[in-house]
Amino acid sequence: MQQLTLTQPDDWHLHVRTGELLKTVINHTARQFARAIIMPNLQPPVTNVSQALSYQQEIHQATSGEYNFTPLMVLYLTNTTTIEDVQQAAASSAVHAFKLYPAGATTNSDQGVTDLDAVFPVFAAMEELNLPLLIHGEVTNPEIDIFDRERIFIEQKLSVIHQHFPQLRIVLEHVTTQEAVQFVTQAPDNISATITPQHLMYNRNTMLVGGIKPHYYCLPILKRETHREALIEAATSGSPKFFLGTDSAPHLTHLKENSCGCAGCYSAYAAIELYAEVFDQAGALDKLEGFASFYGADFYQLKRNTRKITLEKTSWEVPEFYSVADKSRLTPLKAGETLHWKLQA
């Protein structure tokens, strides 16, 4: 197959930051995707409808007029989120979900939830008002091995949330393990998951063998090959419970390549091409449209897109970096390597 035409996809998990970095990255997404769920973990976080509308306007202003792109806003769940906040979010056409970050789990999550029981009334309001909960599914106890944190969150936290709120719509974001795939597969239809390109393409050897490679460092961290294989099987299965969410997370190169090593992979520059590579290698290109274009929209109870995009099977070299206006650099996933699918202009 030399060409592949798809219904225009959506990205159901995206970081775009603010300021000059936003201006650098947003059109990479807008050229491919009709919509994207925008993560709220800014500094300060987006915690109410007014802030979400302001952030949405900033994104619109940074997006090129040649693209018809809609940012779908999300509110950051904190210990002080109120039922009134949920009611206002449900009444807003701009806000489509709340995001649960366990405090300290990932970038800019320090203001996340420290006590799940304390936000149960908020979950009840979300369940009643049919507002989805998006979850970064990792425990944060420093004594727990980082490679086990997703599994233990599912066992100790997610199962409890689902037991108490069986009708709450939940997206387990960026799943990375066999256990996550199994949980979502066996759960009712109101529980789904997103899968990133990096977790489909790489295992932890990629990041660690031959020296630590910071541009593969993300949270949840890359896992064993057996887990990667389980993710590929889920993504290419045709199950509507799994759909595209890049978790593309731009960090300036000098912030990735230092002793801190910020967590996140920048994939938005060629997201649909990266997924096409995975599905092609798995012999499942016929399953890509459902995963990329249909299942997420169905879960969020939005209309499917009608416009089309076309991918060509042609080789091209990924740039070593993208320039940001302040003379900083942004290093993409697979920098300097060759991709074999390319989106037609």
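Computed from heavy atoms alone, side chains included, the values below leave out hydrogens, waters and symmetry copies.
The aromatic rings of H28 and Y266 sit tilted, their planes meeting at an angle between 30° and 60°. Between Y269 and W316, the two ring planes are perpendicular [angle over 60°; tilted spans 30° to 60°]. The aromatic rings of Y101 and Y76 sit tilted, their planes meeting at an angle between 30° and 60°.
Listed by first and then second residue, the side-chain hydrogen bond (donor to acceptor under 3.5 Å, both in side chains) pairs that reach into residues 174-185 are H136-H174, E150-T176, E150-T177, T176-K223, sequence neighbours excluded. Counting only residues at least two apart or in different chains, side-chain hydrogen bond (donor to acceptor under 3.5 Å, both in side chains) contacts with residues 228-241 comprise E225-R228. Listed by first then second residue, pairs satisfying ring-ring contact (aromatic ring centres under 6.0 Å, His included) with a partner in residues 207-242 read Y202-Y216, not counting sequence neighbours.
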Show every donor-acceptor pair shorter than 3.5 Å between a side-chain atom in residues 88-98 and any protein atom, with sequence neighbours excluded, or say none if there are none.
| from | atom 1 | to | atom 2 | distance (Å) |
| --- | --- | --- | --- | --- |
| Q88 | NE2 | E84 | OE2 | 3.3 |
| S92 | OG | A94 | N | 3.1 |
| H96 | NE2 | S93 | O | 3.3 |

Exercise answer: donor-acceptor pairs, residues 329-336 side-chain atoms, under 3.5 Å, sequence neighbours excluded:
| from | atom 1 | to | atom 2 | distance (Å) |
| --- | --- | --- | --- | --- |
| T331 | OG1 | T253 | OG1 | 2.7 |
| K334 | NZ | E337 | OE1 | 3.1 |

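Under the side chain to side chain contact (heavy atoms under 4.5 Å, CB included) criterion, Q344 pairs with Q3, T310, E312, sequence neighbours left out. With sequence neighbours left out, K256 forms a salt bridge (charged side-chain N to carboxylate O under 4.0 Å, His left out) with no residue at all. Remark: R31 engages Y67, E273, L343 in a side chain to side chain contact (heavy atoms under 4.5 Å, CB included) (not counting sequence neighbours). In this view, E127 satisfies the salt bridge (charged side-chain N to carboxylate O under 4.0 Å, His left out) rule with no residue, not counting sequence neighbours. Remark: D10 engages R35 in a salt bridge (charged side-chain N to carboxylate O under 4.0 Å, His left out) (not counting sequence neighbours). Contacts of Q51 classified as side chain to side chain contact (heavy atoms under 4.5 Å, CB included), with partners at least two apart in sequence or in another chain: V46, T47, N48. Under the rule for a salt bridge (charged side-chain N to carboxylate O under 4.0 Å, His left out), the partners of D280 that lie at least two apart in sequence or sit in another chain are K313.
Distance alone, capped at 3.5 Å, is enough to place a donor-acceptor pair between the S248 side chain and the S267 backbone. Q56 contributes a side-chain N or O that, together with a main-chain N or O of P71, makes up a donor-acceptor pair within less than 3.5 Å. R224 contributes no side-chain N or O that, together with a main-chain N or O of R204, makes up a donor-acceptor pair within less than 3.5 Å. The backbone N or O of A271 sits less than 3.5 Å from a side-chain atom of Q32, completing a donor-acceptor pair. Without hydrogens or angle criteria, T24 side chain to E20 main chain gives a donor-acceptor distance under 3.5 Å.
Enclosure of atom NZ in K303 is not indicated, since only 12 or fewer non-hydrogen atoms of other residues, nucleotides or ligands lie within 6.0 angstrom.
The structure places OG1 of T81 at 9.5 Å from CE of M126, a figure rounded to the nearest 0.5 Å. Rounded to the nearest 0.5 Å, atoms CG (L244) and OG1 (T194) are 8.5 Å apart. With values rounded to the nearest 0.5 angstrom, E138 atom CD is found 10.5 Å from D148 atom CG. Atom CG of residue L288 and atom CD1 of residue I272 lie 5.0 Å apart, to the nearest 0.5 angstrom. Of the inter-residue distances, the one linking Q198 atom CD with L231 atom CG reads 10.5 Å to the nearest 0.5 angstrom. Taking CG from L222 and CZ from F147, the interatomic distance works out to 8.5 Å, rounded to the nearest 0.5 Å.
Residues L219 and L255 are members of one and the same hydrophobic cluster, defined by side-chain heavy-atom contacts under 4.5 angstrom among Ile, Leu, Val, Met, Phe, Trp and Tyr. F321 and V324 end up in different hydrophobic clusters when Ile, Leu, Val, Met, Phe, Trp and Tyr side chains are linked at under 4.5 Å. Both F120 and L77 belong to a single network of hydrophobic side chains, linked directly or stepwise wherever heavy atoms of I, L, V, M, F, W or Y lie under 4.5 Å apart. Placement of V139 and I146 within a single hydrophobic cluster is found when ILVMFWY residues are connected by side-chain heavy-atom separations under 4.5 Å, directly or transitively. Tracing side-chain contacts under 4.5 Å through hydrophobic residues (I, L, V, M, F, W, Y), one reaches L129 starting from V49; they form part of the same cluster.
Screening F243, W12, Y275 for a ring-ring contact (aromatic ring centres under 6.0 Å, His included) with F291, the sole residue that qualifies is Y275.
Between the side chains of S159 and H162, no donor-acceptor pair is found at a separation under 3.5 Å. With no hydrogens or angles considered, no side-chain donor-acceptor pair links N305 and T7 at under 3.5 Å. Using modelled atom types and a 3.5 Å distance limit, the side chains of S64 and N27 yield no donor-acceptor pair.
Annotation: side chain of L4 is in contact with side chain of L285 (closest heavy-atom distance under 4.5 Å).
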H15/H13 under ring-ring contact (aromatic ring centres under 6.0 Å, His included): CA gap, chis, key distance, verdict: CA-CA 7 Å; H15 300 266; H13 185 161; 5.4 Å; yes
